[in-house]
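For reference, the structure discussed in these notes is given below.
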Amino acid sequence: MPPVPSPAKTLPIAMFDSGVGGLTVLHECLVSLPHEDFVYLGDTGRFPYGDRSPEQLRDYSFELAELLLGEGAKLVVVACNSATAAALPQLRDALAGRVNVVAVVEPESRLAAEVTQNGQVGLLATPATVDSKAYERELAHAAPKATLHPIACPELAPMIQDGNEFDQRIVDAVEAYCEPLRGAGVDTVILGCTHYPLVRPILQRALGRGVTIVSSGQAIADAVHEKLTAENIENDTGRRGRYSFLSTGDPEAFRAVGTRFLQMPLGKVRQVDVREPRQKAA
Ligand code: DGL
């Protein structure tokens with residue numbers, strides 16, 4: 001008789017972002033951990049997060065994490081830099097003893113520290129993430145001699161999520177955001193927003209071939225695997241996992257944009273209610 005898995009092992013891994021950006025993280029997890037189930041929540045009803053205050057982002061993060069735990073989850077992944085930068089220590093404290101939290105920011109900083117040769121590291125992120133100085137703190141820890149060159153990109157995530165990711169406006173915006181980084185001679189650029197890998201080819205062309213782009217996807221997938229192993233809650237590796245989606249905005253709009261970005265079928269997206277939605281549609 002095969003051993004009966006503990007309930008925690010069979011629960012899904014929960015993940016949230018302000019919208020579709022976290023799908024770049026989900027995709028890496030689906031590839032690395034095909035035997036796990038995932039539930040992804042896109043807070044499209046309150047998108048974008050990039051101009052929110054730290055207090056709002058903390059409230060939203062607590063609310064979304066509780067919502068996901070209410071659905072049943074064995075681990076929470078914060079696939080949003082703005083939320084991580086504002087809320088990670090408090091969220092970890094609030095969920096201590098219930099579930100572990102894996103988040104962005106630290107993994108990208110560690111990767112950038114490993115990759116940079118000249119110590120000049122660029123950061124492209126939302127205003128909320130840049131203002132938090134979370135990347136300064138993490139990079140100072142990982143590479144004390146490196147210098148961070150942060151650029152706030154208020155328009156980029158909304159342009160990507162609005163579904164115009166390949167039009168000239170994005171190319172122009174990317175060129176303008178990358179210009180000071182070229183001037184500073186960075187050899188490494190952190191994509192400090194989970195939406196940005198969706199326009200990676202445009203970013204790479206604007207930055208030039210000599211610049212290494214660092215993003216969180218694979219590092220998060222590795223961190224998730226480590227946590228599952230450490231806690232002995234990895235699901236049976238012989239099975240094929242399922243994934244499902246929740247959205248706080250219009251589920252059909254989320255499905256349409258999400259399918260294009262994930263390039264995998266999303267299935268039915270379930271709408272969930274949260275406090276203070278900014279908009280009705282996705
Ligand atoms: N994807 C999110 C991040 O990583 C935020 C984009 C936004 O909502 O402004 O920061």
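First listed ligand is number 1; within each ligand, the first listed atom is number 1. If you read the sequence from its start, that first residue is 1, and numbering goes on from there.
Each of Glu231, Arg92, Lys227, Lys74 was checked for a side chain to side chain donor-acceptor pair (under 3.5 Å) with Asn100, and the lone residue meeting it is Glu231. Screening Arg52, Arg46, Glu55 for a side chain to side chain donor-acceptor pair (under 3.5 Å) with Tyr60, the sole residue that qualifies is Arg52. Screening Asp43, Thr129, Thr126, Asn81 for a side chain to side chain donor-acceptor pair (under 3.5 Å) with Tyr49, the sole residue that qualifies is Asp43.
Under the rule for a salt bridge (Lys or Arg N to Asp or Glu O under 4.0 Å), Glu234 has no partner lying at least two apart in sequence or in another chain. Not a single ring pair (Phe, Tyr, Trp, His ring centres under 6.0 Å) links Phe38 to another residue, sequence neighbours left out.
In this structure, Val214 shares a hydrophobic cluster with Leu111, the cluster being traced through Ile, Leu, Val, Met, Phe, Trp and Tyr side chains under 4.5 angstrom apart.
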When you check ligand 1 against the protein, what N or O pairs turn up below 3.5 Å? List the atom names and distances, or just say none.
unit_1: ligand 1; atom_1: 1 (N); unit_2: Asp17; atom_2: OD1; d: 3.0
unit_1: ligand 1; atom_1: 1 (N); unit_2: Thr194; atom_2: OG1; d: 2.9
unit_1: ligand 1; atom_1: 1 (N); unit_2: His195; atom_2: ND1; d: 2.8
unit_1: ligand 1; atom_1: 4 (O); unit_2: Asn81; atom_2: N; d: 2.8
unit_1: ligand 1; atom_1: 4 (O); unit_2: Asn81; atom_2: ND2; d: 3.1
unit_1: ligand 1; atom_1: 4 (O); unit_2: Thr194; atom_2: N; d: 2.9
unit_1: ligand 1; atom_1: 4 (O); unit_2: Thr194; atom_2: OG1; d: 3.3
unit_1: ligand 1; atom_1: 8 (O); unit_2: Ser18; atom_2: OG; d: 2.6
unit_1: ligand 1; atom_1: 8 (O); unit_2: Tyr49; atom_2: N; d: 2.6
unit_1: ligand 1; atom_1: 9 (O); unit_2: Tyr49; atom_2: N; d: 3.3
unit_1: ligand 1; atom_1: 9 (O); unit_2: Gly50; atom_2: N; d: 2.9
unit_1: ligand 1; atom_1: 10 (O); unit_2: Asn81; atom_2: N; d: 3.4
unit_1: ligand 1; atom_1: 10 (O); unit_2: Ser82; atom_2: N; d: 3.0
unit_1: ligand 1; atom_1: 10 (O); unit_2: Ser82; atom_2: OG; d: 2.8

